[in-house]
K.L.:
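Right, I'll just put the structure down here and ask away after.
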Amino acid sequence: MPNIAVVGAQWGDEGKGKVVDLLSERFDVVARFQGGPNAGHTVAFDGKTYALHHVPSGVFRPDTRIVIGNGTVLDLTKLLEELDGLAEAGIDLAGRLYISDRAHVILPILKMLDALEESSAKAGDKIGTTLRGIGPTYQAKAARWGLRVGDLADPEHLEERIDRILSGPAGGRLAQAGQEMPTAAQLARDGHGQWKRLEQYVTDTAMRLNDWIDEGGSVLFEGAQGTLLDLDHGSYPFVTSSTTVAGGLCAGLGVAPTRVTGALGVFKAYGTRVGAGPMPSELIDDAAGDLIRERGHEYGTTTGRPRRCGWFDGVAARYANRINRFDAACITLLDVLDAFEEIRICTGYRLDGKPFEGFPASVSRAERLEPVYETHKGWNRDTTGVRKWEDLPAEAHAYLARLEEVIGTEVAMVGVGPDRVQSILRPGSWITRNVPDLI
Ligand code: IMP
């Protein structure tokens with residue numbers, strides 16, 4: 001059975017949730033391997049829209065098991081709110097939600113630390129994080145004083161651990177800034193209370209996943225953020241603090257690379273980015289950029305911030321394909337380009353007047369890149385009602401064919417609107433060949 005990764009191939013917000021939601025119908029399990037409440041996945045069907053932050057997008061398929069893996073970081077207050085919201089919407093999670101006992105906990109003080117670091121950073125050094133405590137929690141994990149979900153089971157031991165955290169570097173930094181902190185006793189009481197509500201779902205998810213795969217089950221691995229936000233391969237330091245590329249799923253779930261049978265890259269038909277950092281094809285103070293933002297409703301699901309918009313960056317896309325080695329690409333939000341006479345694709349960069357290959361490691365060089373564009377004729381008509389690949393306008397086919405060339409992989413799916421039904425599968429493509437019976 002297929003075990004396929006679905007990952008973001010740009011700067012996040014590519015519409016992975018919609019792709020996962022569609023594919024999950026044919027998978028037994030959907031598993032998240034990194035990130036936390038910084039993610040915001042939107043899923044729309046039957047006239048309703050749901051915003052998810054921790055919970056994988058497969059949650060709306062009643063027969064699909066959903067896993068929140070060891071590589072994630074969890075804000076338990078927010079996670080419980082999310083579970084309550086799903087329960088109110090009539091989504092039954094009993095016996096099908098599995099949370100790793102090794103996932104790290106975003107303690108309230110780590111969230112405070114995220115806000116403090118961002119507000120005290122000099123203008124050019126601000127990352128523009130989601131302020132959800134993601135960076136400080138992954139820092140705590142790497143520094144080996146973080147708290148894992150399984151640690152919440154024993155209240156006495158928990159208070160001692162938290163006490164050490166409060167008197168360590170994180171507590172010290174907050175105290176120095178004059179911030180009032182909760183006591184260890186309070187944090188331990190809250191954490192243990194949350195554990196009691198979540199205990200029924202908490203398990204060794206690596207063991208479960210490997211058992212299910214042994215039994216012939218199929219798993220969809222759901223990435224969060226995107227390749228250009230990856231801690232190693234993204235536009236460092238303007239990145240998130242986890243491994244967002246397909247390879248990250250192995251460590252983030254305890255599933256060996258030999259068990260992964262494919263990877264899909266999700267790309268918007270144009271480019272967006274939230275937060276600071278280089279974006280060579282950004283359209284700044286530009287009517288086309290504003291039109292993309294308005295037509296694409298390009299405002300963050302998690303923070304509501306307006307997203308930076310630009311043309312499709314083919315160089316960054318090719319770079320993402322090299323790192324993830326996609327079997328196919330899913331191009332979302334194609335309909336946003338319905339209103340354009342001309343559409344551009346960035347096919348090269350120039351640095352200090354000379355052609356530059358690849359994506360530079362140094363942020364100062366990345367910020368000096370100049371995009372080289374080619375221009376394509378727009379189709380200039382509504383595609384939101386198109387349901388079949390062959391019914392897309394000829395100019396849209398030409399645009400997609402060029403994206404295939406610049407990315408270096410086949411386009412297997414196209415999105416023409418937010419609803420589940422507005423996804424067009426390409427007949428005979430990698431997805432239809434590898435995910436049987438997908439309608
Ligand atoms: P953090 O993940 O909150 O630490 O934020 C680090 C960077 O990643 C910032 O530029 C955020 O805007 C960006 N980021 C984090 N999560 C997402 C996401 O889900 N979509 C898009 N950008 C994100």
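First listed ligand is number 1; within each ligand, the first listed atom is number 1. When a residue number appears, it is its place in the shown sequence, counting from 1.
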K.L.:
For atom 3 (O) of ligand 1, grab the closest protein heavy atom and report residue, atom and distance to one decimal in Å.
P.N.:
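Answer for atom 3 (O) of ligand 1: Thr130 OG1, 2.6 Å.
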K.L.:
Quick one: which residue pairs count as a salt bridge (Lys or Arg N to Asp or Glu O under 4.0 Å) with a foot in residues 266-275, not counting sequence neighbours?
P.N.:
Lys268-Glu298
K.L.:
Nearest protein heavy-atom contact for atom 11 (C) of ligand 1: which residue, which atom, what distance?
P.N.:
Gly128 O, 3.6 Å
K.L.:
Counting heavy atoms only, name the option from Leu229, Thr272, Asn38 that's nearest to atom 23 (C) of ligand 1.
P.N.:
Leu229
K.L.:
Could an N or O of ligand 1 be found under 3.5 Å from any N or O of Arg305, whether backbone or side chain?
P.N.:
yes
K.L.:
Short N/O distance, under 3.5 Å, between Arg132 and ligand 1?
P.N.:
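Between Arg132 and ligand 1 (N or O atoms, distance only) the closest approach is not under 3.5 Å.
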K.L.:
Does Asp114 approach ligand 1 within less than 4.0 angstrom via side chain, backbone, both or neither, non-hydrogen atoms only?
P.N.:
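Neither; nothing of Asp114 gets under 4.0 Å from ligand 1.
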K.L.:
Kindly confirm or rule out an N or O of Ser241 lying under 3.5 angstrom from an N or O of ligand 1.
P.N.:
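So ligand 1 has no N or O lying under 3.5 Å from an N or O of Ser241.
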K.L.:
Check the pair Tyr349, Asp313 against side chain to side chain donor-acceptor pair (under 3.5 Å), reporting the backbone distance first and the verdict last.
P.N.:
CA-CA 10 Å; Tyr349 295 147; Asp313 185 337; 2.6 Å; yes
K.L.:
Can you pull out the closest protein heavy atom to atom 6 (C) of ligand 1? Residue, atom name and distance to 0.1 Å, please.
P.N.:
Val239 O, 3.4 Å
K.L.:
Does Val274, backbone or side chain, put an N or O under 3.5 Å from an N or O of ligand 1?
P.N.:
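Among all N and O atoms of Val274, at least one is under 3.5 Å from an N or O of ligand 1.
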K.L.:
List every atom of ligand 1 that sits less than 4.0 Å from any heavy atom of Trp11, numbering the atoms from 1 in the order shown and giving each element.
P.N.:
21 (C), 22 (N)
K.L.:
Find all atoms of ligand 1 within a distance of less than 4.0 Å from any non-hydrogen atom belonging to Ile127, and give their numbers and elements.
P.N.:
6 (C), 10 (O)
K.L.:
Given Asp114, which of Thr137, Thr129, Thr130 fulfils the side chain to side chain donor-acceptor pair (under 3.5 Å) condition?
P.N.:
Thr129
K.L.:
Do ligand 1 and Asp13 have nitrogen or oxygen atoms that lie under 3.5 Å from each other?
P.N.:
yes
K.L.:
Can you check whether Phe340 and Trp311 have ring centres sitting under 6.0 Å from each other?
P.N.:
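Ring centroids of Phe340 and Trp311 are less than 6.0 Å from each other.
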K.L.:
If you take the centroid of each ring, where Trp contributes its six-membered ring, are Tyr201 and Tyr98 closer together than 6.0 Å?
P.N.:
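Between Tyr201 and Tyr98, which both carry aromatic rings, the centre distance is not below 6.0 Å.
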K.L.:
Count the heavy atoms of every other residue, nucleotide or ligand shown that sit under 6.0 Å from NZ of Lys126, and state whether that count exceeds 12.
P.N.:
yes
K.L.:
With a 6.0 Å cut-off on ring centres, are Phe326 and Trp430 close enough?
P.N.:
no
K.L.:
Is the number of heavy atoms from other residues, nucleotides or ligands under 6.0 Å of Arg365 CZ greater than 12?
P.N.:
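No, CZ of Arg365 has 12 or fewer neighbouring heavy atoms, counting only those of other groups under 6.0 Å.
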K.L.:
Pairs of nitrogen or oxygen atoms closer than 3.5 Å, one from Thr240 and one from ligand 1: do any exist?
P.N.:
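In this structure, Thr240 places an N or O atom under 3.5 Å from an N or O of ligand 1.
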